[in-house]
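The structure under discussion appears below in the form of structure tokens.
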Amino acid sequence: MMFRLAVWIFLLAAPVHADEISVALTEQQISIDEGFSGARIILYGVVSGAGGAERAPGDLVVIVRGPEEDLAVREKRRTGPIWTAGEPVRVAGAPGFYFLGATRALNDILSPDERTERQIGAGHLSVSLIDAAAGQRSPDTLEIARAAIVEAMSDRALYREDIGAVSFLDGGLFQVAIDFPANTPVGPYRSEIYLLRAGEIVAWRTAPLYVEKVGLERMLYDLAHQRPLTYGLLCVAMSLFAGWLASVLFRR
């Protein structure tokens, strides 16, 4: 409670100019250890120079996106009565985490062209084919791959769009809760906050966020990425030891 009060005092003390946004996060770093089961961060903000009785605050869109990844999807093909997976289609530029919250439906507050230009909405993410046969594929392949990635990441709770998640509390004050699942990828994140009026973006702001592993999780993560051979040998050694220990216990 005291932290939230301090955040509101900080935001309200910001200089007042026309159509500006000030934001603060309850945390700027999420620490992942072996017991991590998810986290929730609250983004607070104030629309300055627009609230009160003089003018309606407008509409807000809040996006939090994680580090970009290269992902692969496979199209299912039917061969007689059997469904098989086709060749993988590799896509670059997809964020490992994507959250969107808005005051109203995006179709009501923003044009499709603006959404595509700023990648507002998972269906408008700017991704590209990176496999060797990209130039020989159908023009629809990228759209199909994008839709498959969005569906798969949504099933894993890594992509989420929540219309109505952003709420104005009093005048130009607003907040939105962002949930991070247990499988949240590590790396640098970016929050983007857009203020809209009459279908136009009149102000926007960004804020950084970091997701990092700590403790034993951090040690294993660094070992796997910096010394993969050592990590692999260690995993094999641990598996052999576990198998030997199990055989000894069962013999008794």
Side-chain angles (χ1 to χ4, degrees), residues 3 7 10-11 14 19-32 36 38-48 58-71 91-103 106 109-110 112-128 130 146 149-150 152-154 156-167 172-196 200-214 218 221 225:
F3 178 84
V7 169
F10 166 76
L11 292 174
D19 295 333
E20 288 197 358
I21 307 171
S22 299
V23 297
L25 295 165
T26 51
E27 296 179 57
Q28 287 191 310
Q29 177 178 317
I30 297 176
S31 299
I32 297 180
F36 181 76
R40 166 172 285 193
I41 285 182
I42 308 296
L43 184 147
Y44 297 94
V46 59
V47 177
S48 60
D59 286 297
L60 284 168
V61 175
V62 175
I63 295 173
V64 178
R65 66 178 76 213
E68 293 184 354
E69 301 178 356
D70 292 348
L71 303 174
V91 175
F97 178 91
Y98 188 89
F99 168 85
L100 182 147
T103 50
L106 297 180
I109 61 177
L110 198 59
D113 291 341
E114 192 74 42
R115 292 173 62 185
T116 299
E117 179 181 350
R118 296 185 181 263
Q119 301 185 54
I120 297 178
H124 293 267
L125 292 175
S126 178
V127 297
S128 58
I130 57 175
R146 190 204 321 267
I149 287 173
V150 171
M153 298 295 273
S154 299
R156 297 168 59 192
L158 291 171
Y159 282 17
R160 185 165 67 92
E161 296 188 8
D162 192 347
I163 304 303
V166 184
S167 58
L173 301 176
F174 66 90
Q175 72 174 22
V176 57
I178 303 107
D179 291 320
F180 295 83
N183 56 340
T184 296
V186 298
Y189 285 60
R190 185 177 67 179
S191 305
E192 304 170 2
I193 303 92
Y194 297 96
L195 172 65
L196 302 97
E200 298 290 336
I201 295 176
V202 296
W204 64 284
R205 191 70 177 263
T206 63
L209 173 67
Y210 301 92
V211 177
E212 297 183 343
K213 291 182 180 291
V214 297
R218 179 67 185 187
Y221 179 83
H225 287 78

Considering all heavy atoms, the nearest [X]-[Y] contact:
X      : Y      : value
Gly121 : Leu100 : N-CD1, 3.4 Å
Leu196 : Ile109 : CD2-O, 3.4 Å
Val61  : Ala102 : CG2-CB, 4.2 Å
Leu158 : Thr184 : CD2-CA, 4.1 Å
Phe99  : Ala177 : CZ-O, 3.8 Å
Pro185 : Glu69  : CB-OE2, 3.7 Å

Which residues share a salt bridge (charged side-chain N to carboxylate O under 4.0 Å, His left out) with [X], sequence neighbours left out:
X      : result
Arg205 : none
Asp70  : none
Arg115 : none
Glu114 : Arg118

Worksheet item: In this structure, which one of Leu43, Ile41, Ile178 forms a side chain to side chain contact (heavy atoms under 4.5 Å, CB included) with Thr26?
Response: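 Answer after filtering Leu43, Ile41, Ile178: Ile41.
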
Mind checking the [atom1]-[atom2] spacing from [X] to [Y]? Nearest 0.5 Å is all I need.
X      : Y      : atom1 : atom2 : answer
Arg160 : Ser154 : CZ    : OG    : 10.5 Å
Leu71  : Ile149 : CG    : CD1   : 5.0 Å
Glu200 : Asp59  : CD    : CG    : 13.0 Å
Ile120 : Leu125 : CD1   : CG    : 11.0 Å
Ile201 : Leu110 : CD1   : CG    : 5.5 Å
Leu106 : Glu161 : CG    : CD    : 6.5 Å

Discussion item. I'd like to check the side chain to side chain donor-acceptor pair (under 3.5 Å) partners of Arg40; sequence neighbours left out, ordered by chain and number.
Written reply: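 For Arg40, the residues satisfying side chain to side chain donor-acceptor pair (under 3.5 Å) (neighbours in sequence not counted) are Asp179.
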
Item to complete: Just jot down the side chain to side chain donor-acceptor pair (under 3.5 Å) partners of Tyr194, sequence neighbours excluded, or say none.
Response: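 Residues passing side chain to side chain donor-acceptor pair (under 3.5 Å) with Tyr194: Glu192.
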
Report yes if some heavy atom in the side chain of [X] is under 4.5 Å from a heavy atom in the side chain of [Y]; otherwise report no.
X      : Y      : value
Tyr98  : Val150 : no
His124 : Thr116 : yes
Pro67  : Tyr189 : yes
Tyr159 : Pro95  : yes
Leu60  : Leu195 : yes

Item to complete: Look at the rings of Phe97 and Phe180 and say which category their plane angle falls in: under 30° parallel, 30 to 60° tilted, over 60° perpendicular.
Response: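 Phe97 vs Phe180 ring planes: parallel.
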
Practice prompt. Start with the C-alpha gap between Ile193 and Phe174, add the side-chain angles, then the distance that decides, and say whether side chain to side chain contact (heavy atoms under 4.5 Å, CB included) holds.
Written response: CA-CA 11 Å; Ile193 303 92; Phe174 66 90; 4.1 Å; yes

Item to complete: Verify, without hydrogens or angle tests, whether Tyr44 (side chain) and Leu173 (backbone) share a donor-acceptor contact under 3.5 angstrom.
Response: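 Absent.
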
